[in-house]
Amino acid sequence: MSESCSTKCVGIPYGMGFIKNKYIGRTFIEPGQSHRENLVRIKLNPIGATVAGKRVVLIDDSIVRGTTSARIVRALRDAGATEVHMRASAPPFINPCYYGTDISSRENLVAANHTVAETAKIIGADTLGYLSTDSVFKLNDRPVGGFCAACFTGDYPTECAPAPSQP
């Protein structure tokens, strides 16, 4: 959400709540849970002066495993946020992606195994909301089928053999 839209459209003041380490990439694809958690800790550092004593609306592109979201919410609370309301600009990832996102099993997807309320509790957010799948299709300027949404819908554009479960 842009600063001007957040202030003018919904009346929520915009502030930069984190300093991001540009040398750390997408953490959800890294091997090993403890390694992912360590990278998240290095990747984002909250700005206490911006979030202390505030109710924060955190908008992220997606929630895959929940590792990054949980660390971010915890960091905001540690920096003094009184409430953290998480919003994802994607629908819940409920199916594996065989076409680019390195998630081969539903076991690794927090939304595939938990309700929205349970996921909010797992990541430590006061509330959680996702963009609907219908809204994703409305945002697309190409006809349905112009992009793959299988990770949200389970409708794969090709036949896929299920990947073996990984420990």
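As a basis for the values below, the full set of heavy atoms in this structure was taken, side chains included, without hydrogen atoms, waters or symmetry mates.
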Could you check whether any side-chain heavy atom of Ile47 comes within less than 4.5 Å of a side-chain heavy atom of Ile19, counting everything from C-beta outward?
yes
Which heavy-atom pair separates Val73 from Gly124 by the least distance, and what is that distance?
CG1-O, 3.2 Å
Is Val56 close to His85 at the side-chain level, that is, under 4.5 Å between some pair of heavy atoms?
no
How many angstroms lie between atom CZ of Phe152 and atom OG of Ser132, to the nearest 0.5 angstrom?
11.0 Å
Could you go through Met86 and Thr127, starting from their C-alpha distance and side-chain angles, then the distance that decides it, and tell me whether this counts as side-chain contact (heavy atoms from CB on, under 4.5 Å)?
CA-CA 6 Å; Met86 179 88 180; Thr127 63; over 6 Å; no
Do Val51 and Phe18 belong to the same hydrophobic cluster, where Ile, Leu, Val, Met, Phe, Trp and Tyr are linked whenever their side-chain heavy atoms lie under 4.5 Å apart, directly or via other members?
yes
Check: Leu131 main-chain N/O paired with Ser135 side-chain donor or acceptor under 3.5 Å
no
The test is side-chain contact (heavy atoms from CB on, under 4.5 Å); show your working for His114 and Ile122 and say whether it passes.
CA-CA 9 Å; His114 301 283; Ile122 289 167; 3.6 Å; yes
Looking only at the side chains, is there a donor atom on one of Arg106 and Asn113 sitting less than 3.5 Å from an acceptor on the other?
no
Minimal non-hydrogen separation, Ala81 against Val84, with atom names
CB-CG2, 4.1 Å
Pro157 to Cys148 - nearest heavy-atom pair and separation:
CD-SG, 3.8 Å
Kindly compute the distance separating OG (Ser69) from CG (Leu58), expressed to the nearest 0.5 Å.
7.5 Å
Taking 4.0 angstrom as the limit, do Lys121 and Asp126 come out as a salt bridge?
no
Report yes if the side chains of Tyr130 and Ile63 come closer than 4.5 Å at any heavy-atom pair, otherwise no.
yes
Val110/Val64 under side-chain contact (heavy atoms from CB on, under 4.5 Å): CA gap, chis, key distance, verdict
CA-CA 6 Å; Val110 68; Val64 180; over 6 Å; no
Taking all heavy atoms of Glu83 and all of Arg77, pick out the closest pair and write down the distance.
CA-NH1, 4.1 Å
Could you give the distance from CD1 (Ile94) to OG1 (Thr153), rounded to the nearest 0.5 Å?
7.5 Å
Give a yes or no answer on whether the side chain of Thr119 reaches the backbone of Ala111 with a donor-acceptor pair at less than 3.5 Å.
no
Phe137 and Ala149 have their tightest heavy-atom pair at CZ-CB, 3.9 Å
State, with a plain yes or no, whether a side-chain heavy atom of Phe93 is found less than 4.5 Å away from one of Ser62.
yes
For a quick test of reading the model, state the closest non-hydrogen atom pair linking Asp155 to Ala150 and the distance between them.
O-CB, 3.5 Å
Find the distance between OG1 (Thr82) and CZ (Arg55) and round it off to the nearest 0.5 Å.
7.0 Å
Using the side-chain contact (heavy atoms from CB on, under 4.5 Å) rule, take Asp60 and Ile72 through it: C-alpha gap first, then chi angles, then the decisive distance, then the call.
CA-CA 10 Å; Asp60 203 353; Ile72 292 170; 4.2 Å; yes
